[in-house]
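Notes follow the structure.
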Amino acid sequence: MVRAGLFRLDPEVAHHLSLSVLRLAERVGLLRLAYPADELVAPVEVLGLRFPNRIGLAAGMDKAGDTIDGFGRLGFGSLEIGTFTPRAQPGNPKPRLFRLVEHEAIINRMGFNNAGIGAGVANARRVKSFDGVLGFNIGKNKDTPNDAAAADYLECLRQAYPVADYIAVNLSSPNTPGLRELQGPEACARLLETLKREQETLAATHGKRVPLLFKVAPDLDESHIRELSAVFVAGGLDGLIATNTTLDRDLVAGHLRAAEAGGLSGRPEFAKSTAVLQAFASHLGGRIPIIGVGGISSLEDARAKLRAGATLVQVYTAFIYQGPGLIRQLARELA
Ligand SMILES: Cc1cc2nc3c(=O)[nH]c(=O)nc-3n(C[C@H](O)[C@H](O)[C@H](O)COP(=O)(O)O)c2cc1C
């Protein structure tokens with residue numbers, strides 16, 4: 001019933017309304033009653049962190065990090081907030097978010113609408129009840145040219161470092177022009193080296209080592225995956241998030257919305273995203289842990305991501321279609 005009501009609204013209005021309700025329900029104690037912290041704890045040690053369970057919320061749902069306690073209450077062991085850029089920016093013109101209900105899919109071209117890294121850090125400092133793992137996903141401002149992108153990532157890294165449990169470097173949004181060029185092996189190696197050097201400095205300053213993860217696209221061929229894997233191992237990357245949304249429209253061909261520009265997520269993305277995860281896993285040979293994301297819409301899908309080489313999984317689109325029941329089922333069954 002809730003879904004039927006929300007799906008009558010414009011997708012972005014429904015999104016903001018849902019997050020407002022979640023914040024309110026948490027504030028008045030309703031979520032604590034409805035979702036007691038129970039058997040959803042099955043801790044996994046990865047990246048030097050203790051994840052309460054294997055299910056995380058993927059980036060882009062809580063873009064501001066202002067609903068952390070609410071999402072945490074639904075059973076997620078980890079939350080990735082953002083993407084944050086150094087300066088606040090409005091993102092692309094609306095409409096920029098489309099449901100493809102028949103496919104349990106979404107096409108989005110949000111374009112990193114966000115309140116800026118400073119606001120994200122301030123929100124994270126206000127967290128009351130969430131005691132899972134908090135990741136900060138970082139990107140570059142739209143008007144920052146690629147040859148100055150490293151400065152944007154460095155700025156976000158420095159600000160997020162004291163409050164983040166991990167940092168996810170987003171190289172793979174299709175909605176910031178040129179961003180995916182940073183996945184070129186040379187550009188990627190340079191960026192990784194710069195960020196790793198800063199990580200060492202920050203670790204000494206703050207007395208804690210916050211792992212650095214790169215988030216990649218599913219639109220990569222085998223030789224590209226091989227080259228990137230070598231770059232990641234040589235550069236000492238701590239973890240990989242595979243994958244972001246896809247530009248591929250084959251699986252939704254013929255749909256009214258198939259030609260909308262942006263990234264496709266949800267059920268149709270599963271096979272492609274999982275194949276890319278598996279290819280990375282085979283090249284990385286267990287040297288770098290992987291978070292599997294892209295098209296998980298059932299327990300079977302989550303298990304397939306783990307079999308393909310992921311240690312943890314994240315969900316976004318299926319949460320829109322199936323709600324918190326799915327998250328609790330995944331958390332419980334993957335224990
Ligand atoms: C509306 C929307 C916004 C997103 N925003 C971001 C983002 O800001 N940063 C990011 O790294 N990924 C973003 N993503 C990608 C998701 O984190 C995830 O990688 C992708 O949707 C695949 O997972 P899914 O099939 O479970 O949705 C977004 C996805 C959607 C649908």
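Each ligand, and each atom within it, is numbered from 1 in the order the structure gives.
- The pair Glu26-Arg73 meets the salt-bridge criterion, since a charged nitrogen lies less than 4.0 angstrom from a carboxylate oxygen.
- Listed by first and then second residue, the salt bridge (charged side-chain N to carboxylate O under 4.0 Å, His left out) pairs involving residues 150-166 are Arg158-Glu198 (not counting sequence neighbours).
- With respect to His283, the side-chain hydrogen bond (donor to acceptor under 3.5 Å, both in side chains) criterion is satisfied by exactly one of Arg226, Glu227, Glu222: Glu222.
- Within the structure, salt bridge (charged side-chain N to carboxylate O under 4.0 Å, His left out) contacts touching residues 207-217 (residues at least two apart or in different chains) are Arg209-Asp238.
- Within the cation-pi definition used here (under 6.0 Å to the ring centroid, within 45° of the axis), Arg99 qualifies as a partner of Phe7.
- For ligand 1, the protein residues placed under 4.0 Å by at least one non-hydrogen atom are Ala58, Ala59, Gly60, Lys63, Gly82, Thr83, Leu97, Ile106, Asn108, Asn137, Asn170, Lys215, Thr243, Asn244, Thr245, Ser265, Gly266, Glu269, Val293, Gly294, Gly295, Val315, Tyr316, Thr317.
- In this view, Asp248 and Lys272 satisfy the side-chain hydrogen bond (donor to acceptor under 3.5 Å, both in side chains) rule, not counting sequence neighbours.
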